[in-house]
Amino acid sequence: MSSHIADPLPAEQLAELSGCSLRQLQRCFSDHFGLSVMEFYRRLRLEKANELLRHSALPIAEITAITGFATMQHFSRCFAQALRSAGTTQAARAGRTRIGGRQR
């Protein structure tokens with residue numbers, strides 16, 4: 001997966017390369033990571049994008065292509081969603097919850 005950040009492989013091909021069925025691969029990812037194969041892959045790509053955003057001067061359009069997102073809009077939507085999820089996770093770890101947009 002790491003060697004195919006720019007051109008993500010379909011789950012079926014990942015299963016074939018892993019020497020197992022698609023269902024076995026899906027089960028393994030779910031059991032070990034709590035994510036689907038493609039959710040895990042997307043997170044891997046977003047982590048690479050975050051690294052490039054933080055440590056390079058590359059334009060966002062180039063980072064979008066390097067990390068295998070078809071459009072900047074799709075990349076932006078996925079990145080923003082990942083940030084929201086990370087913020088929710090951090091708030092939960094700190095014992096805070098958000099209700100109706102207000103922190104309690």
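All residue numbers refer to positions in the sequence shown, counting from 1. Computed from heavy atoms alone, side chains included, the values below leave out hydrogens, waters and symmetry copies.
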Next item on the list: Quick one: pull up CG in Leu58 and CD1 in Ile66 and give me the separation to the nearest 0.5 Å.
Entry: 5.0 Å
Check: With distance as the sole test, does Glu62 use its side chain to make a donor-acceptor pair with the main-chain N or O of Pro59 at under 3.5 Å?
Finding: no
Anything under 3.5 Å between a donor and an acceptor, one on a side chain of residues 42-53, the other on a protein residue two or more places apart or in another chain? List them.
unit_1	atom_1	unit_2	atom_2	d
Arg45	NE	Thr67	O	2.8
Arg45	NH2	Gly68	O	3.0

Margin query: Contact between Ser30 and Gln26 at the side-chain level, heavy atoms closer than 4.5 Å - yes or no?
Written below: no
Item checked: Rounded distance (nearest 0.5 Å) linking atom CG of Leu25 with atom SG of Cys20 -> 4.5 Å
Check: Hey, does the side chain of Tyr41 reach the backbone of Leu9 with a donor-acceptor pair shorter than 3.5 angstrom?
Finding: yes
Check: Are the side chains of Ser36 and Phe29 in touch, meaning some heavy atoms are under 4.5 Å apart?
Finding: no
Next item on the list: Scan residues 11-23 for pairs that pass salt bridge (Lys or Arg N to Asp or Glu O under 4.0 Å), counting only residues two or more places apart or in two chains.
Entry: none
Notebook entry, point to check: Rounded to the nearest 0.5 Å, what separation is found between the CZ atom of Phe69 and the OG1 atom of Thr64?
Noted result: 8.0 Å
Next item on the list: Take Ile60 and Phe75 through the test side-chain contact (heavy atoms from CB on, under 4.5 Å) and record every step on the way to the result.
Entry: CA-CA 9 Å; Ile60 293 176; Phe75 167 73; 4.1 Å; yes
Note to self: Can you tell me if His55 has over 12 outside heavy atoms packed within less than 6.0 Å of its NE2?
What the structure shows: yes
Check: Taking only residues two or more places apart in sequence, or in another chain, which ones meet Ser76 in a side-chain contact (heavy atoms from CB on, under 4.5 Å)?
Finding: none
Next item on the list: Please answer: with hydrophobic residues joined when any side-chain heavy atoms are less than 4.5 Å apart, are Phe40 and Leu22 in the same cluster?
Entry: no
